[in-house]
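This report concerns only the one structure given below.
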Protein chains: 2
Amino acid sequence: MSKTTSQPRAKATQKPTRIQREKTRAILEAALEVFSKRGFRGATLDMIAEEAQLSKPNLLYYFASKEALHAELLAGLMEKWLEPLAQIEQNGDPITEICAYIERKLELAEEYPRESRLFANEIIQEAPRSKNALNGYLKELVDEKTILIQRWIDAGKIAPVDPHHLIFSIWATTQHYADFDTQIQAMMDEGYEQRFITAKAYLVDLFTKVLKP
Amino acid sequence: MSKTTSQPRAKATQKPTRIQREKTRAILEAALEVFSKRGFRGATLDMIAEEAQLSKPNLLYYFASKEALHAELLAGLMEKWLEPLAQIEQNGDPITEICAYIERKLELAEEYPRESRLFANEIIQEAPRSKNALNGYLKELVDEKTILIQRWIDAGKIAPVDPHHLIFSIWATTQHYADFDTQIQAMMDEGYEQRFITAKAYLVDLFTKVLKP
DNA sequence: GTCTATACATTGATAGAC
DNA sequence: GTCTATCAATGTATAGAC
């Protein structure tokens, strides 16, 4: 009697075993490594399988296709990626809130550069696989926060800046240290090791000056 | 007697005809379109050939390989891309010079978004084909300008900011509007049309505040 | 669940007629 | 110079033994 037919592909039917969860995790980890470094088309299942230390057919036993694997990665990342923005609190001190957001973003860039590059690859190539996420959850969140920022401006608590451009410039400056690390490294030589420390000081100073009413 | 054997591949031997130059230009234009949108591996010679309106073998008559085509694109772009930074003048007013640089960068992002994305694709994927350019001409130029900025700081003409991070933040904020256009569009709705005008005002204001001594 | 073998599609590049 | 036909390599995915 096929009790062990609880194939990962049919997730709805049965709870995955510990082994299955670990393999799945290892594959996702390997996929993140390869996709983030080479983009979707640049990555091959061979590379991912080797990185995860299993055979290609075995990999395809856990994930139906290359597309499915990539989609799973993106979906799993969205929440973590947007959390720093979601955490901005309307009741806190505006400048403190925004500077804390910048610091969180920078820490994310330092700790999870591969995730950042995965998104960057996607968006530069016109987000063929994540348009929905962009127009859905992210758009809603940005709408909510731009309104909050505008309210702070109207209350005279921060200088009058365009809320959208403010958010874009925070995204750009923080993610730059993950996405364009190769360039940063080529330009900075000795200072490279300390880049996140010095960047944090620089960016907090920068945005504080801009936001002071 | 083969008078017409002046094949483009053997460029050193003979001056290319007008037709040859035009075809070459059309191919490079098509290649830029496709490479910038899909990255090196994501692009196919079929796509580029179709975009340039010729057959794949004919394309390969003008360029020896996909690699060669990509290399030619990158090489031809470097100069245009670095010119705004090179134009910063040590004798001008520091804040005026830097703000003018920001405006030039933003205009480049607006006029040549594909070039920006081509570079971005390269660098995110660890610049496998342009490490040399990064460590060569670009590094030299950045070294030169960081020294100039430091001199301005020492003279008390601008506020004391880390010159490297200043340059990075200018790159990040300006190129963001080209590289992440898909995201910008998804977030901005009505304001999207005017994005470069409002961005210019926002960024000039931002960096002016930061640089004022 | 995992592997070997292989089917099948895509793609970079070449051969050779015109 | 340009095309049709084709090759060789690569890469996604499946079949089927164990």
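Chain letters run A, B, ... following the sequence lines, proteins first and then strands; every chain starts at 1. Model, not experiment: these values are computed from the prediction.
Distances were taken from every side-chain heavy atom of A:Pro57 (C-beta onward) to each of C:dG1, D:dA15, D:dT12; the shortest belongs to D:dA15. Looking at the side chain of B:Lys66, the nearest of the listed nucleotides C:dG12, C:dG1, D:dG1 is C:dG12.
Counting distance only, with no hydrogens placed and no angle test, the side-chain atoms of B:Lys56 and the base atoms of C:dG12 include a donor-acceptor pair under 3.5 Å.
As a whole-Å value, the separation of B:Leu59 CG from D:dG1 C1' is 13 Å. Between the P atom of C:dA13 and the CG atom of B:Leu69 lies a distance of 10 Å, rounded to the nearest Å. The CG atom of B:Leu60 sits 9 Å away from the C1' atom of C:dT14 (whole-angstrom rounding). If you take CD of B:Glu50 and C1' of C:dT11, they are 15 Å apart, rounded to a whole angstrom. Here D:dT6 presents its C1' atom at 14 Å from CG of B:Asp46, a figure rounded to the nearest Å. D:dT12 atom C1' lies 11 Å from atom CD of A:Glu67, rounded to whole Å. Put simply, CG on A:Leu54 is 8 Å from P on C:dT2, counting in whole angstrom units. Distance CZ (B:Phe63) to P (C:dT14): 15 Å, rounded to an integer number of Å.
Distances shorter than 4.0 Å separate some side-chain N or O of B:Arg41 from OP1 or OP2 on D:dG11. Within the 4.0 Å cut-off from OP1 or OP2 of C:dA13, not a single side-chain nitrogen or oxygen of B:Tyr61 is found. An OP1 or OP2 oxygen of C:dG1 is reached within less than 4.0 angstrom by no side-chain nitrogen or oxygen of A:Asn58.
Among the heavy atoms of the strands lying under 4.0 Å from A:Ala43 are primed sugar atoms or P, OP1, OP2 only; no base atom is included.
Both B:Ser65 and A:Ser55 lie close to DNA chain C; mapped to their nearest nucleotides by heavy-atom distance, the more 5′-ward contact belongs to A:Ser55. Comparing B:Gln53 and A:Phe40 against DNA chain D, the residue whose closest nucleotide sits nearer the 5' end is B:Gln53.
Residues B:Tyr101 and B:Arg104 bring no donor and acceptor atom of their side chains to less than 3.5 Å of each other. A side-chain N or O of A:Asp179 and one of A:Ser116 form a donor-acceptor pair less than 3.5 Å apart. Side-chain contact annotation: B:Tyr137 with B:Asn132, donor-acceptor N/O pair under 3.5 Å absent.
The ring of B:Phe63 has its center no closer than 6.0 angstrom to the ring center of B:His70. The ring of A:His165 has its center closer than 6.0 angstrom to the ring center of B:Tyr177.
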